[in-house]
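Report on the structure given below.
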Amino acid sequence: MPWQNKIRYLIGQPIGISLSNGQGTSGVLCGVSGEKLLVIEYLYQSQFALKQYDFYMIQDINGFPPCQNQQPLY
């Protein structure tokens with residue numbers, strides 16, 4: 001499935017993004033504006049940034065898998 005078809009199912013969800021240059025990033029998919037993905041990413045401490053990724057920069061996007069039911073370690 002082309003990654004563009006996944007967008008509607010992933011809005012509001014944590015995603016990983018594979019970029020065409022071989023790098024990657026992750027964050028919460030906030031939506032689409034024109035031909036750009038809007039993703040909120042963690043910076044540091046309590047700071048977050050809304051970043052925009054042009055469609056031509058993106059190779060694929062995937063939602064995060066669910067957590068396994070495990071006993072907490074704490």
Side-chain angles (χ1 to χ4, degrees):
M1 165 188 317
W3 67 264
Q4 293 90 337
N5 294 342
K6 300 178 191 178
I7 293 172
R8 74 175 99 170
Y9 304 108
L10 294 173
I11 291 178
Q13 302 296 315
I15 61 167
I17 302 172
S18 299
L19 299 171
S20 299
N21 66 4
Q23 295 179 328
T25 190
S26 61
V28 175
L29 178 59
C30 293
V32 177
S33 178
E35 295 260 320
K36 298 178 186 221
L37 281 187
L38 305 176
V39 180
I40 196 157
E41 297 180 8
Y42 175 72
L43 296 177
Y44 55 89
Q45 294 181 346
S46 62
Q47 295 186 8
F48 294 83
L50 180 64
K51 296 195 176 178
Q52 300 179 30
Y53 292 95
D54 291 312
F55 279 14
Y56 75 86
M57 297 172 62
I58 300 170
Q59 184 176 10
D60 198 10
I61 63 172
N62 289 288
F64 274 57
C67 295
Q68 300 293 325
N69 290 333
Q70 297 178 353
Q71 296 295 328
L73 299 175
Y74 51 90

Show which side-chain atoms of residues 24-34 pair as donor or acceptor with protein atoms under 3.5 Å away, not counting sequence neighbours.
{"from": "T25", "atom 1": "OG1", "to": "E41", "atom 2": "OE1", "distance (Å)": "3.4"}
{"from": "T25", "atom 1": "OG1", "to": "E41", "atom 2": "OE2", "distance (Å)": "3.1"}

- Task: Output every pair passing salt bridge (Lys or Arg N to Asp or Glu O under 4.0 Å) with a member in residues 12-34, not counting sequence neighbours, ordered by first then second residue.
- Result: none

- Message: Test: salt bridge (Lys or Arg N to Asp or Glu O under 4.0 Å). Region: residues 14-27. Which pairs qualify, not counting sequence neighbours?
- Response: none

Could you pull out all residues at least two apart from [X] that satisfy side-chain hydrogen bond (donor to acceptor under 3.5 Å, both in side chains)?
X   : answer
S20 : none
Y44 : Q47
Q23 : N21

- Message: Just to verify, what does Q13 make a side-chain contact (heavy atoms from CB on, under 4.5 Å) with, not counting sequence neighbours?
- Response: none

- Message: Suppose we screen for ring-ring contact (aromatic ring centres under 6.0 Å, His included). Which residues come up paired with F48, at least two apart in sequence or across chains?
- Response: Y42

- Query: Could you give all pairs that pass the ring pair (Phe, Tyr, Trp, His ring centres under 6.0 Å) test and reach residues 10-35, with sequence neighbours left out?
  - Reply: none

- Query: What pairs of residues pass the ring pair (Phe, Tyr, Trp, His ring centres under 6.0 Å) test when at least one of them lies in residues 21-40, not counting sequence neighbours?
  - Reply: none

[X] and [Y]: same hydrophobic cluster, using ILVMFWY side-chain contacts below 4.5 Å?
X   : Y   : answer
I17 : F64 : no
V39 : L19 : yes
I61 : F55 : yes

- Query: How would you list, by chain and number, every residue that makes a salt bridge (charged side-chain N to carboxylate O under 4.0 Å, His left out) with E35, sequence neighbours excluded?
  - Reply: none

- With K6, which of D60, I15, I11 fulfils side chain to side chain contact (heavy atoms under 4.5 Å, CB included)? D60

